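See structure below.
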Amino acid sequence: MLMIMKTPKTFTIVTFGCQMNKSDSELMEVSLTQEGFVKSHPYADIIIFNTCSVRKHAEDRAIAHIIEARSSHKQSIIVVAGCMAQRLRQELRTTYGVDLVVGPYHSPAIGSIIKNYIQNKDIREYTSQDVNDFASRIHPQLVTHKDELPWHKWVTISHGCENYCAYCIVPYVRGKLISFPSQQIIDYCKLLIDNGITEITLLGQNVNQYGQDSGDIPFYSLLEKIATLSGLYKLNFLTSHPKDFNKEILLVMKDNPVIAKSIHLPLQSGSDTILQAMNRQYTMKHYYSIIEEIHKLLPMSSISTDLIVGFPGETQKDFEDTLAAVHTIQFDEAFTYKYSPREGTHAYTLPDSVPDTVKQERLDMLIQTVRDISQKRLMNHIHTTTDMIVERISKKSDNEVMGKTIYNHPIIIKGGKDDIGKKFTVTIVSLKGSTLYGERSA
Ligand code: SF4
């Protein structure tokens, strides 16, 4: 009897990790749709895991999903894309029965890669990091893909990182810095605005290094060109690196009201010894000089940061330096982490010298300090006027809506579903917990 094999047609993408991965998943969806595949959930012929390697926990979670999918969907093509694909490569096929491994350079071309796999079953691993194999990230068809907030769009401006912070796996899995051509980015932003997008967030591992690899315009010029496009309500950017952040960026922020007055500037540690061990390439003196400049040029802006406790060799004194820096700088918000070693990084070769109980104590103390300060910082906004974009109906009342101010603080005002996506000028009247309450200005 002649067996007729069904041609794989449907796909599903399971995404782990950061916003960069979410954007890559959108690109993969465009590529698969272009090749005639159809999105389906959850029983698809092709199951793609777009993975993250930043923390061991993230990899363990993805592996559990891969094992489950392999055993329950024996006929499906299992594909692993993203950072874990780049890091574990062949191991994913030999140990976990994955059919196809597609690293970040190749994932936007995944439609044709899978088509080739179905037809020829020849190539099963796409992990070259040759710049000629880098698939473009700016795709006009992404315009039709709606973000969670339908008026907002993430726009990736660069890929990869060459800073080699000692604890970070990103440079190994995402490769060297590749800045996308500025004119392409600007044209894409124009297209987004013409299609109703009013808020854009520019995205890169270190946006401040934009153009350094290609000789394109510097980041502050790109920021200015996008900020002056007519029709935009709000422009954000992520992430900055203190060694490359400069005064020109602040001047552009100051002169362009649509740019959110919110700066995320990862400090990681307040100790020069630890900063050096982390290969962060700046000192506390330099970091303080940026903060001083921010206060001078954008006195009301909010400053957030990332902090790691328990990096190898961190003494009690080093930790106290971090606490002191937090007190001096008065961060509006801080994302705090316990150091955990990542195989493949330089820090992995160092003895993990701080016991977990000590890491936890330091983390708890840091979180409490940050919370107290951020509460005080929010109080400073009461009786001030700011712009906000409404994001959703408040969880507490149908007559209230929640959004974010130009400083990216959550705020609640009276309103209804017709206000979602609209911009209002509001006066902040009170603070409850960590949420500001405001009233629309006349
Ligand atoms: S700047 Fe440092 S922490 Fe950020 S992605 Fe690059 S290596 Fe990792």
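For the numbers below, each heavy atom of this structure counts, side chains included, while hydrogens, waters and symmetry mates do not. We count ligands from 1, going down the list as the structure has it; atoms in each ligand are counted the same way. What you see is a predicted model, and the numbers here were worked out from it, not measured in a lab.
Under 4.0 Å is where a charged nitrogen must lie from a carboxylate oxygen, and between Asp194 and Lys190 no such pair does. Glu391 and Lys404 are joined by a salt bridge, as a carboxylate oxygen and a charged side-chain nitrogen come within less than 4.0 angstrom of each other.
Residues Ser53 and Glu59 have side chains that bring a donor and an acceptor to within less than 3.5 angstrom of each other. Side-chain N/O atoms of Thr239 and His264 include no donor and acceptor closer than 3.5 Å.
Considering only heavy atoms from C-beta on, Asn380 comes within 4.5 Å of Arg377 through its side chain.
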If you apply the rule side-chain hydrogen bond (donor to acceptor under 3.5 Å, both in side chains), what do you find for Ser271 with Asp318, and how did you get there?
CA-CA 5 Å; Ser271 151; Asp318 293 320; 2.8 Å; yes
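The 4.0 Å heavy-atom shell around ligand 1 contains residues Cys161, Asn163, Tyr164, Cys165, Tyr167, Cys168, Val170, Pro171, Gln205, His241, Arg280, ordered by chain and number.
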